[in-house]
Amino acid sequence: MTLMENGQYDFNRIEQKWQGYWLANKTFKTPDSSAKPKYYVLDMFPYPSGAGLHVGHPEGYTASDIVSRYKRMRGFNVLHPMGWDAFGLPAEQYAVQTGTHPAVTTQKNIDNMRRQIQSLGFSYDWDREVNTTDIGYVKWTQWIFLKFFNSWFDETQQKARPISELPIPDGLTGIEREKYINNHRLAYESEAPVNWCPALGTVLANEEVVGGVSERGGHPVIRKPMRQWMLRITKYSERLLDGLEGLDWSESIKKLQQDWIGKSVGAEVDFRIDGRSDVIRVFTTRPDTLFGATYMVIAPEHKLVNQITTAEYKPAIEAYKQDAARKSDLDRTDLAKDKSGQFTGAFAINPVNGQKIPIWISDYVLISYGTGAIMAVPAHDERDFEFATKFKLPIIQVVQPDNTDDAELCRQGKLCFAGDGTAINSGKFTGLKTPEFKTQITAWLEKEGLGKKAINYKLRDWLFSRQRYWGEPFPILHTEDGRVIALDESELPLQLPKLEDYKPSESGEPPLAKAVEWVNITLPDGTKAKRETNTMPQWAGSCWYYLRYMDPTNPAAPVDFKKQQYWLPIDLYIGGAEHAVLHLLYSRFWHKLLFDLGYVSTQEPYQKLINQGMILGEDNQKMSKSRGNVINPDQVVRDYGADSMRLYEMFMGPLEAAKPWSMQGVEGVHRFLQRVWRMVINPETGQMLDGVKPADADETTLRLLHQTLKKVTGDIEGFAFNTAISQMMIFVNHLSRQDIRPKDVIEKFVLILSPFAPHVCEELWQRLGHTETLACEPWPAFDANLAKEKEIEMAVQVLGKIKDKITVGADATDEQIQQAALASEKVQAAMAGKQPKKIIVIKPRLVNIVV
RNA sequence: GCCGGAGUGGCGGAAUGGCAGACGCGCGGGAUUCAAAAUCCCGUCCUGGCAACAGGGUGUGGGUUCAAGUCCCACCUCCGGUACCA
């Protein structure tokens, strides 16, 4: 063994040696079933970018690896896999520039990132590696899409069912029937204004547009009507909301999802249009303010706009509509937004009091929410107030705030009050409190046939197609006669065609349209058809990857039913908070569909979720190439070793907090590992130190050992890795000062350090005389009695100020402690002869004497 | 604007309502060395004092409590998310 020649802590050689050992021996291969209890630890798998691993990745991966190694030692059958979310824009952008097939770039990036990840010594079962772009994986992503396509949502049962079970009304013609069915599929085509990003040459989901620009790249996004595939996620709004309750996620992430789903309860009210027979339906959460509705606003895209506009206002309305249509989302949501609008010339009748109120159009009313029309109550809605003020529309106060100052301001028309209060100017409802009013008026509207209780969600259906090359092709055909048909499951997978030119077009025609031979096919019955040329978004693959890990090569199903039954749910999921709404919501949605159809046996996939915090640059700024503060993990591993890297990332601070990098901090933990090494090995000879030998530990050492075992165990369970490491530092500081280092004390210590710094611990374990890896050794148990201090030092306070310290036996009674405290000269001086009124003894901390 | 989270030494951070600053970094001093690196030892919240010690101190102002970094109220700052959702 060449390593023995050198007594120094030669981390590079040690780490390579053990990484080789683990791979060669398949140390972390996970059996599909076992008598042991299971534990599934999942990392958010990375996109294999050309830039390689970022120091942010190993943070979550190290945390999950510590838990995995710990749980194995605690006797669990641990599933801890890794894979690649490998479809997506960067590889394709590179293809556009260089003509290199994205599969080539992707493979290269994967190989590099796998090397990087393996260089950190994570205990993944590499036999379960998955890659979302593998044809064997794509097949099942397409298969799940077909499940969406071939399912409908049964509202009464609140679950998806096969489309074959859809009740179809009688008397429909063949075409009507097909249309009816298509309107109920959970995957459907829609021709609607979408977020089109000219720079990326693709449409984006609402979730991918942030502040009017694309989330990736920050390019402008405009609204443009296009034919798109949608997934009916809105059907699952209520279940996605309910499902959050039982999950062990941070409240803040749950809240983000709740807000994104955005449930609001109110009423739909019909306003008759003056001089016409039809009505405009509005949604409001404040039906109690109906008496204060002084005008209506409908979205420019509302279907009644043309019909109700009077001849006089036609040109102005036309102009406004065109203006609104041209505006990008950025313009519409511009921060310095100024309300705009146009009167239609038409009037509506307020159903509660018969008042004629003008109907306007404005782009502050969104066609995609509620009914695309509102009743405007300027006295009690900020937006309406702003609009009414600008266009000099009447403002009628109908809610009196409880606060008298606010009430006065309101009366003067200086305050727009949106809170709850008492009704005024509201006919027979005057005097009611807001919540009571809401209930009564909703019932009244229902009785009069004017409206009804309604629930709305902010969540929209998920725009699921992209005009890009590097994604899963849809298993869909469009026939010459305009029918949409799905491939049969037996025809999967549908492979991407090879292309010369990957460039997206400005017209929005997808690159796949250029693969003429691939696109045009003739069905067995002679019908000509074209393949769908859109592809699926990157989210598709990550929606179900956690299932494939359980059964990565199954050719007959995405996952074997028994296997998912054993492994689900995921016991611990670690990843960045940036996926709080996107990936986690989509993925839960897919899981629920698979649950409804009987392919998985839990309602939710991710039982516990932890979001690691961001690692900032040494300058406390977000790491970025332009700031020049990016830390390269390869370099850290080369200079200090993987164990130091792992240990440092865990020592920086709490896992969930954002924290800045410090190379000096890396050196600090590296010195700690050096000390650990020298605690066992003679650096001169490379031999085990003479002091490391079978011996009885002295009392202090034994106590500290057990305190450390206890602290580290508890801290791993609580994900407080930073404090676990400081306890181990305290232990090493102590033991390094002892000449005799009892071997079994050292061994127990090496075992508890091993999840954190596995390479050096394996090496020490071997040098301590073991022939097998320590990965399967049982976790050392602590003895609470041995961990207990014999004597405790307690502070003595007089009136809350510390005056002295006393040392008492660990099992001293409160009376004994009180006496010892009162006996102190300093305490007596501080009491100045007064009698104690009350003596509070808090073992083992302090005594407080109140005089 | 709204919704989260956080403000503690020179820095990262620690502290079931119970001795604020564990552990690490940095810094100062010493040992070792021809010298340095490495290593080891001592010190290191602030103010005053040679010292023992005294006083102050967890963003700001109030409150609850024998006792508050921790709980309550009001405010300030920073970070993250979000954006006319009626």
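So you know, we letter chains A, B, ... as the sequences are listed, proteins then strands, and number each from 1.
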Whole-angstrom distance between [N] and [M], as gauged at atom [atom1]:
N: B:rA74; M: B:rG80; atom1: C1'; answer: 24 Å
N: B:rG49; M: B:rG30; atom1: P; answer: 24 Å
N: B:rU47; M: B:rA36; atom1: P; answer: 31 Å
N: B:rU65; M: B:rA54; atom1: P; answer: 28 Å
N: B:rA67; M: B:rA15; atom1: C1'; answer: 15 Å
N: B:rG13; M: B:rU58; atom1: C1'; answer: 13 Å
N: B:rC45; M: B:rG9; atom1: C1'; answer: 5 Å
N: B:rA37; M: B:rU32; atom1: C1'; answer: 12 Å

Using only side-chain N and O atoms of [X], determine if any of them is under 4.0 Å from OP1 or OP2 of [N].
X: A:Arg737; N: B:rC41; result: yes
X: A:Lys838; N: B:rU65; result: no
X: A:Arg678; N: B:rC40; result: yes
X: A:Ser264; N: B:rA86; result: yes
X: A:Asn722; N: B:rA14; result: yes
X: A:Arg671; N: B:rG26; result: yes

Side chain of [X] only, please: which of [options] is the nearest?
X: A:Lys826; options: B:rC53, B:rC23, B:rA86; result: B:rC53
X: A:Asp259; options: B:rC3, B:rA15, B:rA86; result: B:rC3
X: A:Leu256; options: B:rG4, B:rG13, B:rG81; result: B:rG81
X: A:Lys805; options: B:rC19, B:rC23, B:rC84; result: B:rC19
X: A:Met729; options: B:rG24, B:rG18, B:rA86; result: B:rG24
X: A:Ile840; options: B:rC23, B:rA86, B:rC66; result: B:rC66
X: A:Arg675; options: B:rC25, B:rC40, B:rA14; result: B:rC40
X: A:Ile730; options: B:rG18, B:rA22, B:rC66; result: B:rA22
X: A:Trp260; options: B:rA83, B:rU16, B:rA20; result: B:rA83

Which is true for [X] with a 4.0 Å heavy-atom rule: it touches a base, it touches only sugar-phosphate, or it touches nothing?
X: A:Leu846; result: base
X: A:Lys837; result: nothing
X: A:Ser662; result: nothing
X: A:Lys255; result: sugar-phosphate
X: A:Gly668; result: sugar-phosphate
X: A:Lys263; result: nothing
X: A:Asn733; result: sugar-phosphate

Separation of [X] atom [atom1] from [N] atom [atom2], in whole Å?
X: A:Trp661; N: B:rG24; atom1: CH2; atom2: C1'; value: 14 Å
X: A:Ile802; N: B:rG57; atom1: CD1; atom2: P; value: 14 Å
X: A:Ile725; N: B:rA14; atom1: CD1; atom2: C1'; value: 14 Å
X: A:Tyr295; N: B:rA86; atom1: OH; atom2: P; value: 16 Å
X: A:Glu251; N: B:rG80; atom1: CD; atom2: P; value: 23 Å
X: A:Gln664; N: B:rG13; atom1: CD; atom2: P; value: 15 Å
X: A:Met614; N: B:rA6; atom1: CE; atom2: P; value: 16 Å
X: A:Ile253; N: B:rG80; atom1: CD1; atom2: C1'; value: 11 Å

Please convert RNA chain B into dot-bracket. A pair counts if it is Watson-Crick or G-U wobble with both distances under 3.5 Å; crossing pairs go in [ ] and bases paired with another strand get |. (((((((..(((.....[....)))((((((.......))))))((((....))))..(((((..]....))))))))))))....

Does A:Thr289 reach the main-chain N or O of A:Gly292 with its side chain, forming a donor-acceptor pair under 3.5 Å? no

Every protein N/O lying under 3.5 Å from an N/O of nucleotides 9-12 of chain B:
| unit_1 | atom_1 | unit_2 | atom_2 | d |
| --- | --- | --- | --- | --- |
| B:rG12 | O2' | A:Met652 | O | 2.7 |

Any salt bridge between A:Glu59 and A:Arg646, counting N to O under 4.0 Å?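 No, A:Glu59 and A:Arg646 are not salt-bridged.
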
Ion pair present between A:Lys263 and A:Glu238, side-chain N to carboxylate O less than 4.0 angstrom? yes

Can you tell me how far the [atom1] atom of [X] sits from the [atom2] atom of [Y], to the nearest 0.5 Å?
X: A:Met679; Y: A:Arg741; atom1: CE; atom2: CZ; result: 7.5 Å
X: A:Ile615; Y: A:Lys622; atom1: CD1; atom2: NZ; result: 14.0 Å
X: A:His579; Y: A:Leu585; atom1: NE2; atom2: CG; result: 13.0 Å

Which way is the base of B:rG5 turned, syn or anti, if we draw the line at 90° from 0? anti

RNA chain B nearest-nucleotide lookup for A:Arg845 and A:Asp384: closer to the 5′ end is A:Arg845

Closer to the 5' end of RNA chain B via nearest nucleotide, is it A:Val669 or A:Arg286?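 In this pair, the answer is A:Val669.
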
Would you say the side chains of [X] and [Y] form a donor-acceptor pair under 3.5 Å?
X: A:Arg460; Y: A:Thr234; answer: no
X: A:Asn456; Y: A:Ser264; answer: no
X: A:Glu649; Y: A:Thr62; answer: no

Begin with the C-alpha distance, continue with both residues' side-chain angles, and end with the deciding distance and a verdict on side-chain hydrogen bond (donor to acceptor under 3.5 Å, both in side chains) for A:Arg678 and A:Ser736. CA-CA 8 Å; A:Arg678 293 195 309 266; A:Ser736 296; over 6 Å; no

Is the distance between the ring centroids of A:Phe11 and A:His670 under 6.0 Å?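 Aromatic pair counts; centres sit under 6.0 Å.
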
A:Phe437 vs A:Phe291 aromatic rings, parallel, tilted or perpendicular, using cut-offs 30° and 60°?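 Ring orientation, 0 to 90° scale: tilted.
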
Anything under 30° is parallel, anything over 60° is perpendicular, the rest tilted; go ahead and classify A:Tyr295 against A:Phe387.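 Parallel: the ring planes of A:Tyr295 and A:Phe387 meet at under 30°.
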
Testing A:Leu846, A:Val796, A:Val827, A:Ile792 one by one against A:Ile806 for a side-chain contact (heavy atoms from CB on, under 4.5 Å), which residue passes?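 Of all the options given, the one that passes is A:Val796.
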
